[in-house]
Amino acid sequence: QGALALVNFRKAIFEGRIPKDEALDGVMILIAGAVLLTPGFLTDIFGFLLLLPSFRRPVGKWISRWVQKNVKIVSLDPRGPSAGSSGKPGPDADDGVIEAEAEIVDEKSPGPHG
């Protein structure tokens, strides 16, 4: 299952698609392996179910809906969070300048502690 997920992931990249479903499939297979290593009857059942594509598809759809509903994507755009498609900085935007202070240290002279 893991090798098939990797093949599907590479195929999606080759086709120019974002492999979100394939990546989620791979993560669920990885979780299935970890759960199968965990002792217990219920964890074994859940692990085996995650290895079945017919079980992974609805679980993956549920996870995708949950992520879209509950996870907020934060922009790392230096123009600020309110920069629109025009590229103009928003009211809270940073101008991209990082302020710093520097001190020249002469290696030949002893420091304050001798």
Are [X] and [Y] linked, directly or through other ILVMFWY residues, by side chains that come within less than 4.5 angstrom of each other?
X: Leu49; Y: Leu37; result: no
X: Val71; Y: Ile18; result: no
X: Phe48; Y: Val35; result: no
X: Ile31; Y: Trp66; result: yes
X: Phe55; Y: Trp62; result: yes

Can you see which heavy atom on [X] is nearest to which on [Y], and at what distance?
X: Ile29; Y: Arg56; result: CG1-NH1, 3.7 Å
X: Met28; Y: Ile63; result: SD-CD1, 4.2 Å
X: Leu24; Y: Ser64; result: CD2-OG, 3.8 Å
X: Leu50; Y: Ala32; result: CB-CB, 3.5 Å

To the nearest 0.5 Å, what is the distance between CG on Asp25 and CG on Leu30?
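Result: 12.0 Å between the selected atoms.
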
Just how far is it from atom NZ of Lys20 to atom CZ of Phe9, taken to the nearest 0.5 Å?
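Reported value, rounded in 0.5 Å steps: 13.5 Å.
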
Verify the neighbour count for atom CZ of Phe46: are there more than 12 heavy atoms of other residues, nucleotides or ligands below 6.0 Å?
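Check fails, neighbour count at 12 or below.
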
[Y] side chain reached by [X] side chain, heavy atoms, under 4.5 Å:
X: Thr43; Y: Leu36; result: no
X: Asn8; Y: Leu4; result: yes
X: Pro19; Y: Arg10; result: no
X: Glu22; Y: Ile13; result: no

